[in-house]
Structure formats: structure tokens, C-alpha cells
Amino acid sequence: MPDDAQLVPRGMHGRAPDVLRVGGWLPMREYREGEPVDFAIVGTGAGGATLACRLAEAGFSVVGFDAGPWWRPLEDFASDETHQQKLYWTDERLCDGRDPLVLGANNSGQSVGGSTVHFAMVSLRFRPEWFKARTLLGYGADWPIDWREMWRYYREVEQALKISGPVRYPWGPKRPRYPYRPHELNAAALVLAQGAEAMGIAWAPTPLATLSAPRGGSHPCVYRGFCVSGCSTNAKQSALVTWIPRAVAAGAEIRDLAMVGRIETDHRGLATGVHYHRCGRWRFQRARNVVVAGYAIETPRLLLSSTCARFPDGLANGSGLVGRYLMTQSNQAVYGTMEREVRWYKGPPSLSLSEHWNYADSGKDFFGGYCFMSQGPLPVAWAGIVASSRKLWGAALRQEMEKYNHQVGLKMVGEVLPDAKNRVTLADEKDRFGLPVARVTFSYGENDRKLIRHALRFMRQSLDAAGARELWDEEDDTCHLNGTARMGTDPRSSVVDADCRSWDIPNLWICDGSVFPTVGGVNPSLTIQALACRTADRIRALAARGELYAT
Amino acid sequence: MMRRLPLLAIAGMVGLGAFAAARMRRPQRIARRPQPRAKRFGPVALSATVARDVDRSAALLALLALADSGLEHYRGSFHNRVMYVPLGVAATTMVACLRDAASGSRRTQRSAAVPGLAITTGIVGTGFHIYNIAKRPGGISWLNLFYAAPLGAPAALSLAGLLDGTARLLRRDRHAFAGAPLARLLAGIVAAGLVGSSAEAGLLHFRGAYHNPAMVIPVIVPPAAAFLLARAAMCRRGRHAPARWMLLSLAAIGLAGTGFHAYGVQRNMGGWRNLSQNLLNGPPLPAPPAFTALAIAGLAALRLIETGA
Amino acid sequence: MSGARYPGYDVLAKRHTPSWNEKTRRVIDQRLALPREPRFLDAAEWQTLEAVAARVVPQPPDRPPVPIAAMIDDKLKEDRRDGYRDARLPPLREAWRRGLAALDAEARQRFRVPFHSIDSAEQDALLEAAQGGRLAHPAWGGMRCGLFFAKRLLLDIVTAYYGHPTAWSEIGFGGPASPRGYVRMEFDRRDPWEAVEDKPHAG
């Protein structure tokens with residue numbers, strides 16, 4: 001039985017849901033379809049929502065489209081993993097390659113607010129050297145952006161989200177203090193800390209986008225542990241609770257349950273607007289600029305399917321790289337059992353972490369880095385992990401599951417190198433809108449496997465040092481998606497420039513994880529939002545110089 | 001706002017009641033030798049009224065220590081049996097101090113057991129708390145100072161014990177202890193207590209990221225009051241209006257702080273309905289009235305100082 | 001066989017405490033009220049599914065069973081897909097229909113009776129063979145039985161079972177938690193509204 005929010009759009013009739021008040025509404029400006037808005041943004045996740053907010057606050061007219069519903073977390077979210085799968089992308093995608101990706105809960109959201117509605121709130125900065133990975137570290141590709149510039153934008157996002165982080169962060173150059181203090185560690189997180197100390201490496205409470213103290217209309221975290229199933233406390237500072245209300249207050253319009261199916265271009269090769277499906281029929285919104293922010297699968301899917309006579313291979317695809325260089329991040333884990341009760345279902349899943357192997361360059365037989373974090377999967381997720389990884393069923397499975405309250409685990413977020421063979425293409429199958437379904441092809445490379453082996457070995461030693469027993473590996477898991485519209489300095493080897501503007505179509509922008517040339521060993525959400533803030537600044541600068549295109 | 005009003009009112013009334021009780025002159029017990037009226041404003045009578053106020057302050061501190069250690073040790077599931085001790089000691093201290101304050105007797109038959117026990121329990125408790133903080137991964141770190149056993153909490157019991165001990169000395173017509181005039185001793189104890197409590201509030205408000213501007217008040221006013229009180233103690237003669245006003249403000253701040261904390265509890269997810277969580281996770285209700293208690297003792301010390309006793 | 005590790009603990013007993021909110025009550029009520037007969041699968045498929053579920057998650061007879069088959073039937077009826085699938089597998093409904101029919105066909109080929117009629121040891125043996133990729137009846141229609149077992153059969157059955165309040169009580173999970181979450185997150189600490197572990201079982 002679908003929720004009300006999944007059937008009828010809420011962002012209509014001049015109002016938007018006020019997610020911070022039960023049953024509340026905010027006035028929302030509405031734009032006429034026939035008149036071009038300055039920016040039509042496809043997708044309202046970490047990239048799209050941030051950009052919509054900053055552009056609206058800069059005075060541009062903005063309409064954001066999202067295929068997903070506009071949830072009211074306080075009322076719509078149940079404490080039930082199965083029901084809350086309504087937050088994930090549920091339209092079909094095909095996964096192949098040697099190591100087919102596991103999508104859904106891991107990395108694909110479908111909501112106003114995108115994947116930030118279900119993400120685990122881990123908010124980490126890139127290691128500065130990664131922005132020049134090829135030049136400084138000898139692998140991957142260089143970003144066309146300097147790390148010091150990104151450092152400024154990281155701070156802006158951390159302030160906007162009131163990230164709760166440690167008073168002193170052990171790795172990287174000195175950074176300003178996180179706006180809110182770290183959360184208390186649960187037992188699962190203490191295991192990571194004990195293991196790290198035993199191994200002689202630093203650890204820290206994870207910087208998280210969930211509140212450790214009150215903020216405005218939001219409550220602080222109650223440690224209910226359903227984070228990746230949606231925060232009904234509104235402690236999680238998702239885009240739904242932060243950037244979107246700001247965007248609406250600044251005059252942006254957000255259209256929920258609006259699936260954009262095609263970007264229209266004209267005889268000059270400029271984007272003119274978007275075709276979208278809402279309330280049972282296809283509609284068209286004229287726009288002076290189009291921003292694609294659908295994340296690393298939907299963005300290339302939309303660009304590749306918006307073919308026309310002038311662009312038979314899809315939009316912005318002069319380089320042929322749209323959809324290519326798909327990167328995920330290795331998400332393997334080691335689990336074990338403690339004699340003491342751990343009850344890892346309490347609190348956010350990853351309360352502590354170590355970035356040691358992101359910053360240490362010796363002792364590795366691979367390029368790139370990884371971090372690892374404590375874990376706290378709820379029963380359905382845990383059952384899936386146990387059944388898949390240990391291949392258990394029958395009485396043995398039930399016996400294993402009974403150890404639930406004594407489990408501990410360490411899970412990695414590992415860098416995967418860009419490989420042109422890993423890609424998103426269009427399949428022949430069609431979805432319910434008649435649009436071609438995406439095919440996601442992925443295989444690990446040799447470097448990726450070495451990194452994973454190193455991480456599994458280290459995490460195992462760490463857990464053992466912390467006193468966990470009956471250790472086993474979860475080997476088949478990935479998280480996050482990036483790279484399918486990479487940025488660069490050369491139009492022949494990239495899709496967008498440093499301003500996230502496509503080389504081929506000057507009024508077509510991309511604002512999500514697709515633009516990453518490399519993916520690093522940290523969760524991408526903070527970097528995506530920082531890039532969006534930077535892109536907004538760049539757009540304002542271009543507009544001031546009269547270099548912004550208008551149809 | 002309408003929902004919060006009754007609770008703020010209750011908190012305010014309770015606090016005002018406590019304050020009024022502290023200021024009120026209690027009738028003497030018939031059985032005791034009645035004080036000649038002329039002597040009421042003599043130095044001996046002054047010591048008695050000061051002692052009574054100090055006892056009331058100590059009783060309030062002991063009550064707060066009882067409530068606070070009760071809540072926090074309940075949160076800690078009394079995992080170590082020894083965690084029951086401060087509850088018993090705090091209760092005993094409170095009852096003893098209330099009895100002394102009510103009786104108005106210049107002499108006390110009790111031994112030094114009660115204040116000695118309170119002081120010792122506080123010191124031993126501090127040791128336990130330091131161990132609790134230091135044994136966690138990271139040792140003495142911000143994270144553990146925020147979330148492990150609160151460093152300054154047991155000291156509240158020692159403070160109550162020190163005040164109770166001072167009150168006993170006052171009743172015995174003592175004017176000095178270990179070479180120091182009682183006025184200075186009392187002022188010193190109160191000032192130290194103010195600085196310590198302020199530091200504790202500062203630490204926990206830092207944990208709360210000073211999300212509300214009012215959270216800086218307990219970091220600024222108590223040390224200022226301590227400074228003014230200490231200065232008055234060194235100067236001794238004459239009136240000390242700034243110290244008096246600062247201490248009176250502090251008393252009011254303690255009450256207001258309780259209101260703020262009640263608001264903070266209500267403002268968390270589920271509000272009063274989720275009391276089983278919010279009473280423990282929210283801002284501690286027994287914390288702010290400690291400033292009111294110390295203000296009472298500080299004002300008593302000020303009277304002692306001003307009359308050159 | 002495992003005994004009761006958390007005796008007397010029932011997540012449903014917290015329905016009217018601050019640990020449950022209105023939305024959660026409605027959602028769980030809906031799950032508990034699932035009809036126990038098929039609304040998508042036909043009778044034969046249903047019988048096969050029930051038998052398979054009973055082997056994959058054998059349930060103790062001393063309490064009302066978790067209606068795994070009904071939960072999966074409901075999932076199929078609503079076509080609640082994962083949002084992705086291994087390209088080598090057909091979509092959700094097709095995969096299940098084919099898989100159930102194929103298991104039945106395998107049983108008939110070996111024992112001349114449908115899957116639900118053979119004894120549990122033989123059922124286990126067939127399921128193990130499926131897991132190991134060793135079944136090749138034409139009824140699989142090119143769908144790899146090992147992949148179907150791992151990605152569909154096992155996952156859907158196991159996640160159905162552990163998505164039910166009975167299973168949550170069994171493993172001592174705190175259950176729904178909104179508006180009230182948890183206070184005590186340390187080792188060996190529990191809030192009064194959490195499950196109490198029967199210590200001889202521990203370790």
C-alpha cells in the first residue's frame with residue numbers, strides 16, 4: 001500500500017511541506033512552464049538541493065525536479081526497515097560485469113533530498129593530495145580544482161549542516177572546529193576504538209550530519225538506530241531538512257513525483273528545458289540552464305537517452321565518456337562476536353572511524369586509500385548479510401542470528417580506481433515511463449582487489465585485538481556511485497570543466513557525484529555538497545561577467 | 001509556548017519557594033533557651049543566622065547531589081554497588097543540615113561524622129569518576145569528558161560537607177579555623193564551588209555547542225561572583241554592593257537555569273511524553289539550582305565579612 | 001535447537017509506549033494482518049513456497065509462525081522490487097514463478113511427487129543442490145539456480161522472517177524506536193525497555 005506522498009505530489013498549489021512541523025506548510029513560489037526559469041535542476045539530492053538553495057539565495061529563478069516523494073519524516077517514517085524501503089530507488093536497473101553492483105539501500109535514494117534521506121550521515125573531507133592524485137600520488141586522475149578552494153567550501157557545508165564532529169580531527173591539515181560536538185560512542189564504536197589503539201593507529205568519533213544538540217526546529221538524535229531507514233526525529237541533517245527548506249524560502253520551486261525523462265535542445269545546440277512526467281502526463285518546463293543532478297546512474301541515463309539529430313550519442317557526450325569511469329567504493333566488512341552485549345542497533349551505524357589508511361602511504365601494496373567504521377545493521381539488513389556472506393540457512397541461520405546482540409563489525413569505504421570499462425549504458429528494457437532502463441556494468445580492478453585484501457586483513461587483526469571472536473568476512477558489498485560524467489581540463493577526456501559545466505553544451509551543468517574524477521577513500525556526500533556550493537559561486541561569477549547563456 | 005508555561009511556572013515557584021525558605025526567619029524552638037531580643041543583632045546571633053543559611057545552602061546542595069547522582073547512577077545502571085553510597089551520604093547530609101538549620105541551636109552534639117563523610121565521599125567519588133574517564137579509549141579526552149562520568153559532580157557532595165562543617169564551627173562561636181578567619185574560609189569555599197560549578201557547566205554547555213546564547217551565562221556570572229566575593233573577603237570591612245548584587249543575580253540565574261533546562265528536556269524528541277529518555281539525555285534538572293544554593297551561602301559569607309566577624 | 005534467549009520479551013508489548021509511533025503501529029498492524037492465503041501465487045506455487053520457507057527458516061512449533069509465504073506473496077502482488085537486479089536474473093515475479101515451478105519439477109523428476117510432498121531431508125538436499133548450482137531441469141529456463149537461490153530465494157525468505165516482530169523478539173532486537181530511542185549504549189547496558197538476555201545462553 002503506497003503512502004499518500006507516493007501517489008499525490010505535495011509540492012503544489014503554492015505550498016511546500018514544512019518538514020519540521022507536523023502537518024505544517026510553507027509558501028512556495030511556482031513558476032509557469034511556458035516561461036523559462038534560470039535553472040531547471042534534475043534531482044534534489046546532495047548536489048541538486050544544495051545548488052537549488054544557493055542559486056535561489058543568489059536571486060536566480062530555480063525549479064528543482066525529483067522523481068521521488070516529498071516525505072514528512074515526523075509523520076511518514078515508521079520504525080520498520082521493510083516499510084522504509086520506500087526511500088530507495090525502486091525502478092529497475094540491470095547490473096552486470098564481473099562484480100555486479102548491489103544497489104538499492106546502499107546508494108540509490110528516491111526522495112526529495114535524494115540519497116541524503118537514507119544515508120548514514122558520514123561527512124568526511126577529501127585528503128588534500130587526492131585532488132592531485134595523478135601528479136602527487138601517481139594514480140587515477142587530477143581534479144581541476146585546488147584543495148584549498150575545496151577546504152573553504154567544506155567548511156561552508158559543515159556549518160550549514162551543523163556537523164557533529166570531534167574537537168580535534170587526527171588526520172590532514174588543521175581544519176576549523178566542527179560546529180557541533182561529537183556523539184557518544186556506542187559499544188560497537190568502542191570496539192573500533194579499542195582495536196585501533198591496540199593496533200597503534202589513530203581513531204576518532206565520526207563527523208556525522210546528525211545533531212548532537214538542538215538546532216532550530218530539529219531535535220537532537222535519540223539514538224534509535226534507524227538512520228539508514230530514514231530519520232523520524234529530524235536530527236539527520238539531510239537535504240530534505242536543510243537545503244530544501246532554505247531553497248523554498250529563497251524562492252525556488254520543488255516539484256516532487258516529477259520524473260524528468262528528456263532534456264530538450266535546440267538548433268543551436270543549447271538546452272531549452274526538460275520533459276517531465278507528473279500527475280499522469282508528460283509536461284515541459286522551459287529553462288535557460290539545465291542542471292543534471294541525478295547521481296551517477298540517472299545522470300548519464302538521462303544524458304544518453306536525450307538524443308537528437310545534433311547529438312545522436314546523447315548530450316554532452318562529445319568525449320564519449322558519459323556513463324564511463326563508473327566508480328563505486330568497496331564496502332567489505334569483517335564481523336565477529338563479543339562475549340559482552342554490544343546491542344549495535346542503538347545509535348547511528350558508524351559512530352567511530354579510522355582514516356589511518358587514507359593518510360598513510362607506506363605499508364601498502366596498492367594505490368589509493370580506505371577508511372573503516374563501526375557498524376550497526378538492523379535485523380533485516382543483518383539477516384541479508386549473514387545469509388549472503390555465510391550462505392547459511394535452516395537451523396544454522398537461526399542459531400547464528402540469535403547472537404545478534406553480541407555482534408561487532410568493521411566496514412570499509414575503499415577507493416576504487418577509475419576504469420573506462422566500468423560504465424552506465426542504456427538497456428533495451430523500458431521502465432514504467434517508457435524510458436530505457438540503465439545497465440550498470442562494473443568489475444573490480446587488480447588495485448581494487450589488493451586494497452580490499454589489505455583492508456580485510458587489517459580490520460580482522462583490529463577486531464581480534466579488541467577481543468572479538470569467530471571472525472568472518474563480508475566480501476560482496478559496495479557503496480556510493482561516482483564518475484560517470486567526470487570533470488577535467490580537456491574536453492576530449494572529460495565531460496564537464498572545473499565549473500561543472502559541460503564542454504559541449506554551455507548551458508548544461510552537472511552537479512552530483514558523477515563529476516568526480518577519482519573517488520577517494522571517504523564517503524562522497526560532503527564533497528558533492530561542497531562542489532555544489534562552489535558551482536553556485538562560479539555561476540554567480542559567470543553571470544556577473546555576462547557569460548551565462550540564456551535562451 | 002503555552003505548553004511550556006505551566007512547567008516554567010512550577011519550576012519557578014519551586015525555586016522561589018526554596019529561596020524564600022532560605023531567607024525566612026524560623027521561630028526558635030520553645031525547648032531551647034530563648035535568645036534575648038537585644039542579642040539578635042549581636043555577633044553571636046549573627047553567627048547563628050549565618051550558620052543557618054549556610055546549613056540551608058548545604059542542604060540544598062546535598063539534595064541536588066542526591067537527585068543528580070540518583071539520576072546519573074540510575075543511567076549507569078548502578079553497575080558498581082558503590083554507586084549507591086553517594087545517594088545515602090547525600091540524603092544523610094541533607095537531613096542533618098536541615099535539622100541544624102531548623103533547630104537554630106548554637107551548639108551541636110554531633111560529631112564531625114556527617115561533614116567528614118560528605119567531604120570524603122566526594123573526594124573518593126571524584127577518584128572513581130577520573131578512573132571512569134581515563135579507562136576509556138582515548139583516556140582524558142574531550143569525548144570522555146563529555147560522556148563518561150561527569151568530572152565535577154562528586155565535588156558537589158564535598159562542597160555540601162565543607163559548608164556543613166563551616167556552619168558547625170560558626171555555631172560553636174568559632175571565628176577561625178586553622179589560622180584562617182571563618183569569613184574568609186566560607187568565602188573561599190563558596191568561590192571555589194562557584195568556579196568549579198561554572199567549569200562543569202561550561203564543559204557541558206560546550207558539549208551542547210552553546211546552541212542557545214543563554215548558555216554562556218553560567219560561564220560568566222559565577223566566576224565574576226566568585227571573584228567579587230573573594231575580593232570582598234580580602235578587603236573585609238565596609239559594604240560590598242557589587243558582590244551582593246552579583247550573588248543575588250546568581251541566585252535568580254539558578255532558578256532561571258532550571259527553567260531553561262526544563263524547556264530543554266521538553267524540547268527534545270517526544271518532550272515530556274518521552275521522559276524516560278529525556279530526563280536522562282536532556283539537560284540535567286538538578287544542576288542549575290546549585291548556583292542558587294551557592295549564592296545563599298555566598299550572601300551569608302558576605303554578611304560575615306561586612307560585620308568584620 | 002536454540003532455546004529462548006530472551007524469555008518473556010515481546011516487541012509488540014511496547015506498542016503503546018513512546019517507542020512506537022502511530023505510523024509504525026499502522027505499518028506493523030498491516031503486516032500482522034496479512035491474509036494467510038495466496039493472492040498472487042497459484043495454489044501449487046504457494047504450497048511449494050511454504051515448504052521451501054519452512055526449510056530455509058525452520059520455525060519452532062510452540063508459537064504462532066511468521067507467515068513467510070504470505071509476506072513474499074504480498075511482495076510479489078505489490079511487485080515491490082529492489083530497484084536493481086543482477087542482469088542474469090529475470091525480474092522479481094518472473095524469477096519467483098520460474099524458481100518455484102523449477103523446484104517442483106526437480107522434485108517430480110526425482111521422487112514423482114511435488115516439492116511439498118517429499119520429506120524434509122530430501123527437500124534440504126534439493127535446496128542445497130540449488131544453492132550449489134547443480135540443478136539443471138529445463139524448467140529453470142536458463143535462469144541459474146545458484147543465482148536464484150542466493151539473490152532471490154534466500155534473501156527474500158530470510159528478510160521476510162527477520163522483518164517480522166516475532167523474529168525481533170527472538171533475537172532481542174529493541175524493535176521500533178520513535179519517538180523514544182535509547183539512552184544507555186555501552187557494553188552490557190540496557191534501557192529498561194530493552195530485552196533481558198538469559199545469561200546461560202550468552203557467548
Side-chain angles (χ1 to χ4, degrees), chain B residues 3-4 67-84 128-129 131-139 141 143-150 153 204 207-208 261 263-287, chain C residues 3-32 163 165-203:
Chain B
R3 258 186 317 156
R4 299 197 287 273
D68 199 37
S69 65
L71 269 178
E72 294 301 318
H73 286 183
Y74 170 63
R75 185 203 177 122
S77 303
F78 291 100
H79 71 273
N80 186 331
R81 299 285 158 171
V82 103
M83 289 155 91
Y84 288 105
F128 270 105
H129 281 206
Y131 172 67
N132 182 284
I133 293 167
K135 73 171 185 187
R136 295 183 180 211
S141 62
L143 185 71
N144 292 338
L145 285 170
F146 290 156
Y147 296 113
L204 290 168
R207 175 183 130 185
H261 277 207
Y263 168 63
V265 166
Q266 179 273 328
R267 183 237 184 284
N268 281 351
M269 184 69 178
W272 295 113
R273 233 173 21 104
N274 189 12
L275 205 61
S276 44
Q277 175 166 27
N278 289 335
L279 203 57
L280 298 174
N281 270 354
L285 292 177
Chain C
R5 198 163 190 170
Y6 301 93
Y9 176 64
D10 184 5
V11 159
L12 291 174
K14 295 192 260 177
R15 265 180 69 89
H16 295 290
T17 66
S19 291
W20 287 55
N21 58 17
E22 185 50 38
K23 179 72 180 178
T24 306
R25 279 188 287 270
R26 275 189 276 132
V27 164
I28 302 299
D29 283 350
Q30 220 172 22
R31 187 162 310 142
L32 294 174
T166 303
W168 301 340
S169 304
E170 179 181 313
I171 63 175
F173 172 51
S178 190
R180 180 176 67 185
Y182 301 100
V183 176
R184 302 159 180 86
M185 299 198 291
E186 270 237 42
F187 289 104
D188 292 323
R189 300 285 164 80
R190 42 170 283 274
D191 290 326
W193 54 90
E194 290 183 77
V196 180
E197 187 171 10
D198 184 18
K199 279 307 175 186
H201 269 107

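Proteins come first, then strands; the chains are lettered A, B, ... in the order of their sequence lines, and each starts at number 1.
Just one residue in the list C:R190, C:E186, C:R189 forms a side-chain contact (heavy atoms from CB on, under 4.5 Å) with B:S77, and that residue is C:R189.
Contact tally against chain C (heavy-atom pairs below 4.5 Å) for B:G76, B:G271, B:S276, B:G270: the top residue is B:S276.
With a threshold of 4.5 angstrom between heavy atoms, C:S178 approaches chain B through side-chain atoms but not through N, CA, C or O. The parts of B:Y74 that come within reach of chain C are both its backbone and its side chain, each placing non-hydrogen atoms under 4.5 angstrom from that chain.
Of the inter-residue distances, the one linking C:R180 atom CZ with B:N268 atom CG reads 14.5 Å to the nearest 0.5 angstrom.
The local environment of CZ in B:F78 is crowded, with over 12 non-hydrogen atoms from other residues, nucleotides or ligands closer than 6.0 Å. Other residues, nucleotides and ligands contribute over 12 non-hydrogen atoms within 6.0 Å of the CZ atom of C:F187.
Residues B:Q277 and C:P179 have side chains not in contact (no heavy-atom distance under 4.5 Å, counting atoms from C-beta outward).
For C:R184 (side chain) and B:R75 (main-chain N/O), a donor-acceptor pair under 3.5 Å exists by modelled atom type.
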